[in-house]
Amino acid sequence: MPQPPGGLLPRAFFEAPADQVAPRLLGKLLVHATASGLLAGRIVEVEAYLGPHNDPPDPAAHSYRGPTPRNSVLFGPAGRAYVYSIYGRYFCMNVCCEPEGQAGCVLLRALEPLALAGDSGLAQMALNRGLAQGEHGCKLTSGPSRLCQALALSRLVHNGLDLLDPDSPLQLRDDGYPVHEVLVTPRIGIKHAVDWLLRFALPGHDCVSGPAKMTKGLIGKRIFIR
DNA sequence: AGGCCGATCCTCT
DNA sequence: GAGGATCGGCCTA
């Protein structure tokens, strides 16, 4: 098995409000070590969901009404995966933020697929997505449930996994990819707090999901980080 | 490019 | 019992 590039991120990186962590997560790597090789992508689009301690609390967040069996991982330590099922057919993956007891998180909305294991990783992602071999483009991982499908992530196996543990099969890594400019817009697909600017993306990146007005910078603003 | 629709089932009220 | 942090197909333009 090839060694993934870069290093693990420190826990403190995630022990902060989700709207601070989210833009800093852009450009980082999500790597899933599976029996059939490394499935990986670079994060190009995320959304922040704020915990119920926030003032005002975030009515679109799963944690809005406090802990439940489904969202309990959100109230645990930072740097863990929160994976949930939606619409009976799909999964979405978040990264837990904030110190233990608080429940902010970052939804991963799109990755740029990466060939860490040579083309076999891309071929496996295409297989997982039910796409033809040779479909090695953004259709693999452009969308929160598409990326889970491509990387073979599911609630039963991956919810609660520590993304910062050297022995974890699912890791977040930093290979030094530089990100300075970030597109900030409202979040997609929610019915509450629709005007909160909590979606973050790499400006102009092909793999960013959503309608054109949300990807081209016609809505929202640009910020500079670091 | 944009809008509508159905699939499908888990979670919480 | 209702609704959901989605997706892909199909429609119109």
Side-chain angles (χ1 to χ4, degrees), chain A residues 14 17-19 21-23 25-26 30 41 43-52 54 56-75 80-98 103-111 113 125-132 135 137-160 163 183-201 204 206-220:
Chain A
F14 300 93
D19 55 333
V21 177
L25 217 38
L26 295 172
L30 180 65
I43 297 170
V44 301
E45 180 191 354
V46 297
E47 283 174 359
Y49 287 86
L50 307 177
N54 198 71
D58 180 356
H62 283 185
S63 58
Y64 181 54
R65 295 164 200 278
T68 67
R70 172 175 75 157
N71 69 21
S72 63
V73 169
L74 287 178
F75 291 86
R80 292 192 179 173
Y82 167 56
V83 183
Y84 68 93
S85 63
I86 186 168
Y87 298 115
R89 335 164 51 114
Y90 301 112
F91 296 101
C92 294
M93 176 184 161
N94 300 253
V95 182
C96 297
C97 300
E98 307 268 11
C105 65
V106 176
L107 170 71
L108 304 186
R109 284 201 57 92
L111 309 177
M125 285 192 253
L127 199 64
N128 293 344
R129 288 269 298 116
L131 300 174
E135 295 260 18
C138 294
K139 273 186 301 202
L140 292 175
T141 52
S142 178
S145 295
R146 288 174 172 178
L147 72 88
C148 287
Q149 207 169 33
L151 270 63
L153 305 179
S154 63
R155 182 185 68 82
L156 275 176
V157 178
H158 301 97
N159 188 42
L163 302 165
L183 176 66
V184 187
T185 78
R187 296 172 290 186
I188 290 179
I190 54 168
K191 311 188 109 153
H192 299 107
V194 293
D195 55 344
W196 293 21
L197 297 175
L198 292 176
R199 173 175 171 267
F200 306 86
D206 281 346
C207 294
V208 173
S209 76
K213 60 182 178 184
M214 299 288 274
T215 64
K216 310 267 193 213
L218 303 177
I219 291 187

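These values consider heavy atoms only, across backbone and side chains, with no hydrogens, waters or symmetry-generated copies. Here is how names work: the chains are called A, B, and so on, in the same order as the sequence lines, proteins then strands, and each is numbered from 1.
Residues from residues 57-73 of chain A lying near DNA chain C, meaning a heavy-atom separation below 4.0 Å, are A:A60, A:H62 in numerical order.
Between the side chain of A:T141 and the backbone N or O of A:L111, at least one donor-acceptor pair lies under 3.5 Å.
For the pair A:R146 and C:dG8, the criterion of a side-chain N or O lying under 4.0 Å from OP1 or OP2 is met. For C:dG8, the OP1/OP2 oxygens have a side-chain nitrogen or oxygen of A:R129 closer than 4.0 Å.
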Can A:R199 and A:T185 be said to form a side chain to side chain donor-acceptor pair (under 3.5 Å), step by step?
CA-CA 5 Å; A:R199 173 175 171 267; A:T185 78; 2.9 Å; yes
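Remark: A:C207 SG to A:C138 SG, distance under 2.5 Å.
Atom CD of A:Q149 is separated from atom P of C:dG8 by 7 Å (rounded to the nearest Å). In this structure, OH of A:Y84 is placed 6 Å from P of C:dT6, rounded to the nearest angstrom. The CZ-P distance, from A:R187 to C:dT6, rounds to 12 Å in whole Å. Rounded to a whole Å, the CD1 atom of A:I188 is 10 Å from the P atom of C:dC7. Computed from coordinates, the A:M214 CE to C:dA5 C1' distance equals 12 Å when rounded to whole Å. The interatomic distance linking A:I86 (CD1) with B:dA7 (P) rounds to 18 Å, in whole Å. Distance CZ (A:R89) to P (B:dC10): 13 Å, rounded to an integer number of Å. Computed from coordinates, the A:R109 CZ to C:dC7 C1' distance equals 11 Å when rounded to whole Å.
Summarising the base pairing, B:dT8 is matched to no nucleotide, lacking a Watson-Crick or G-U wobble pair whose two defining distances lie under 3.5 Å. The partner of C:dT12 is B:dA1, judged by Watson-Crick or G-U wobble contacts that both fall below 3.5 Å.
Projected onto DNA chain B by closest heavy-atom contact, A:G88 and A:K213 fall at different nucleotides, the more 5' of which corresponds to A:K213. Mapping A:S85 and A:S142 onto DNA chain C by nearest heavy atom places A:S85 closer to the 5' end of the strand.
Considering only side-chain atoms of A:K191, the nucleotide from B:dG2, B:dA7, C:dG4 that sits closest is C:dG4. You'll find that the side chain of A:Y87 is closest to C:dT6, out of B:dT11, C:dA5, C:dT6. The side chain of A:A212 lies closest to B:dG2, out of C:dA5, B:dT11, B:dG2. The nucleotide whose nearest atom lies closest to any side-chain atom of A:Y90 is, among C:dA5, B:dT11, C:dC7, C:dC7.
Closest non-hydrogen pair, A:Y84 versus A:R70, comes out as CD1-NH1, 4.2 Å. The minimum heavy-atom distance between A:L50 and A:S63, with the atom names listed, is O-OG, 3.9 Å.
A:Y82 and A:H62 share a donor-acceptor pair across their side chains, judged by distance under 3.5 Å alone.
Checked for salt-bridge contact, A:R109 and A:E47 meet the test: a charged N lies under 4.0 Å from a carboxylate O. Taking 4.0 Å as the cut-off between side-chain N and carboxylate O, A:D206 and A:K139 do not count as a salt-bridged pair.
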